[in-house]
There are 2 protein chains.
Amino acid sequence: MARQPTGEPPSTPRARPATSIDVARLAGVSRATVSHVLNGQIERFSEDTVERVRGAAAELGYVRSAAGRALVMGRSDFIIVVVPYATFIRLQDVIEVISADIEELGFTMVVHFDVARGRGTASNRLQHMVETMRPAGVVDLGGLSLADREAITESGCPVLPRRLPSAVNRWIGTLQVRHLHSRGHTEIAYAFLADARDDPYGRGRASAVAAFCEAEGLAPPSRVHVPIEPEGARRVLRELVQARGWPVGIACYNDKVALALVFAAKGLGLAVPADVAVVGVEGADIGQVVSPRLTTVASDVADSVRPFRAALASAYGGRSAADDAAPPLDDAFFLLLGETT
Amino acid sequence: MARQPTGEPPSTPRARPATSIDVARLAGVSRATVSHVLNGQIERFSEDTVERVRGAAAELGYVRSAAGRALVMGRSDFIIVVVPYATFIRLQDVIEVISADIEELGFTMVVHFDVARGRGTASNRLQHMVETMRPAGVVDLGGLSLADREAITESGCPVLPRRLPSAVNRWIGTLQVRHLHSRGHTEIAYAFLADARDDPYGRGRASAVAAFCEAEGLAPPSRVHVPIEPEGARRVLRELVQARGWPVGIACYNDKVALALVFAAKGLGLAVPADVAVVGVEGADIGQVVSPRLTTVASDVADSVRPFRAALASAYGGRSAADDAAPPLDDAFFLLLGETT
DNA sequence: TTGTATGCGTTATCAA
DNA sequence: TTGATAACGCATACAA
């Protein structure tokens, strides 16, 4: 359990940061005036007053305290972005874009990693965070369960986007299996990453693959868990081929899994793509630089982030909610043809 | 510039979260007693009182408001972990470990991505965050410049670890070039990732490589920037070989760069490792699953995180500062022998 | 052992 | 157009 913060923090040189009362004194006005001016309600004040206040604030390096502000507002200006416990190669790009939007709206982005730490509910850490810091919102990158989302909403904090983002993963899985099917494959498998303990993305994609198979009258896809090391990957592939024969088409959780299987196939003397066809996800540059070049579901970062941007804008920026309703999944993710199917 | 938060947030169902005064009322004590008990100063209260207070708090689902607390304490219970603008494959693992430590100490971890957004100082976003949320500390994963650190410290927030973590990158670069040299290479190059705009890690490693070359009387290393796509990588390698002849030994920023060069060499008809030897960094599983297996500087996450854990413990947990003083770099990073040198 | 009073920095309401 | 003043929720020195 969390203890109270204890021990002495390292020495803290500077004395006391400037407060609004300091600014008020220097500008020769009241604290209320300072607050008003700095919050942009300048129409009601004389040109001169506004200038003096701004000058004083700048001179003192005054910054509004998040604490004081949050206390009186009932909620803070933070927006928590929740990163799921899943492999997330383009994370830094995605964060960069969302961060820019959040700051554009005047909020401060804070990132929370939803590490599934073994036992217990995955995200009571997040729940606690929401309750203590009372953020203006939570942005769900896709790892939150319905229960998680409800708990957070229940404690008075909106979760964005409104819809469960799991549709994205269903779409990705569908793209993969549809492509394999179009290449004539009838024996289908889904390959999870072995070490991911409770991967929310993988589950969604695998079930989409299963749904497609059922709809097309194919046998249910095998589910295998691929470790990213040579022998392990070979073992998994060998077992799969024994069970399903070949050719077999494998939709992989990501490009890493796909590459592991490609090289495992070589090790087993199986031909790619003739005997074993694999399709990854990510369009990671790494998959395109090796040979054979990987067939994969690629995504445009800007496009795939659009639903989040739209949700933010419609929730806080006053834009219409229409953007949120119809995110163009088809543009965001597309099949990148390589040499492994 | 950042605007004021504006627009209506989505509906917020629940009314008002419980405050300490609610708890006090339910327990039949004063607010002060609640505060004392919940802060662990229970020695001075009767068994019965403590029980009642805790029971009431639990019943109401009371959580101390970060805002109120921060306001009166002068600083919040947040600790900001700063992720540098650099490729960071094991990020999620590293975060997980540090997060556990931070929470163990009773603080709340918040992650900040130091995106170098083009123009201007890289991290005035961070500076602003420090000033508004007044965190208990900032954990620097290695991307902060001396000036950044000073600015933060100046505004009253300790930065950990105390020492610049750049020693880690120097050590990594040294491991790489020392290995190449031990293989007989005298023509050395350092390969940056092309797209990284201002990579703090890469700079440190490259300068370590240069220093080694100078110390050993070798020609200064060439510096090349490798894009992760086939033609680009081939072009860079071709130019390098024209300039330095072969065999040439290349210390790469990471495994991705190394792989790009390995396959580029194949495309140019150069032999690996005879003509072109590459050594990566990360020990990324992906490098070990392809063929040829990559030679690389691998790291043990637990070991490489140790300096940060120690710094946290010594700053806030009261443990001795000795741990911080001598982080065992030699254990944390080691050369993983593959087939590319 | 417990309660009272005060202040932290900000915003909002209302009076001037 | 501007300025008092009252919350907001919490922690703590001090009084009881």
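All chains are named by letter (A, B, ...) in the order of the sequence lines, taking the proteins before the strands, and each is independently numbered beginning at 1. None of the values given here were measured: they were computed from a predicted structure.
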For A:Arg25, which residues count as a salt bridge (Lys or Arg N to Asp or Glu O under 4.0 Å) partner, sequence neighbours excluded?
A:Asp22

Find the bend of the helix from C:dT1-D:dA16 to C:dA16-D:dT1 as the angle between its two terminal axes (five pairs each), to the nearest 10°.
40°

Can you measure B:Glu51 atom CD to C:dT2 atom P for me and round it to whole angstrom units?
13 Å

CG of B:Leu71 versus P of D:dC10: gap in Å, rounded?
11 Å

Test side chain to side chain contact (heavy atoms under 4.5 Å, CB included) on B:His36 and B:Thr33 and set out the steps.
CA-CA 5 Å; B:His36 281 135; B:Thr33 305; 5.7 Å; no

Reading nucleotides 11-16 of chain D from the 5' end, what letters show protein touch, with B for base, S for backbone sugar-phosphate only, - for no heavy atom under 4.0 Å?
BB----

Please determine whether side chain to side chain contact (heavy atoms under 4.5 Å, CB included) holds for the pair A:Arg134 and A:Met73, giving the CA-CA distance in whole Å, both sets of side-chain angles, and the decisive distance to 0.1 Å.
CA-CA 10 Å; A:Arg134 305 204 176 286; A:Met73 303 287 288; over 6 Å; no

For B:Phe45 and B:Val29: C-alpha separation, side-chain torsions, deciding distance, then whether side chain to side chain contact (heavy atoms under 4.5 Å, CB included) applies.
CA-CA 11 Å; B:Phe45 293 93; B:Val29 297; over 6 Å; no

Non-neighbouring partners of B:Arg31 that pass salt bridge (Lys or Arg N to Asp or Glu O under 4.0 Å), sequence neighbours left out
none

Take atom CD1 of B:Ile42 and atom P of C:dT2, then tell me their distance rounded to the nearest Å.
13 Å

If I compare all heavy atoms of A:Val34 with all of A:Val53, which pair ends up nearest, and what's the gap?
CA-CG1, 4.1 Å

Could you give me the CA-CA distance, side-chain angles and deciding distance for B:Leu312 and B:Glu104, then say whether side chain to side chain contact (heavy atoms under 4.5 Å, CB included) is met?
CA-CA 10 Å; B:Leu312 280 168; B:Glu104 177 78 15; over 6 Å; no

Using atom CG of B:Leu38 as one end and atom C1' of D:dC10 as the other, report the distance to the nearest whole Å.
11 Å

In terms of ring plane angle, is the pair A:Phe113 and B:Phe113 parallel, tilted or perpendicular, where the classes change at 30° and 60°?
parallel

Rounded to whole Å, CZ of B:Arg134 lies from C1' of D:dC10 at a distance of 18 Å

So what does A:Val63 hit on the nucleic acid, given a heavy-atom distance under 4.0 Å: a base, only sugar-phosphate, or nothing?
sugar-phosphate

Please list residues of residues 20-30 of chain A whose heavy atoms come under 4.0 Å from any atom in DNA chain C, ordered by number; otherwise none.
A:Ser20

In whole angstroms, how far is the C1' atom of D:dT2 from the CZ atom of A:Arg52?
11 Å

Results of salt bridge (Lys or Arg N to Asp or Glu O under 4.0 Å) for A:Arg52 - residues two or more places apart only:
A:Asp48

Could you walk me through whether A:Glu96 and A:Gln92 pass the side chain to side chain donor-acceptor pair (under 3.5 Å) check?
CA-CA 6 Å; A:Glu96 183 166 359; A:Gln92 281 162 288; over 6 Å; no

Strictly below 4.0 Å: does B:Ser46 bring a side-chain N or O up to OP1 or OP2 of C:dT2?
yes

Heavy atoms only: give me the nearest A:Phe78-A:Val110 pair and the separation to one decimal.
CD2-CG2, 4.1 Å

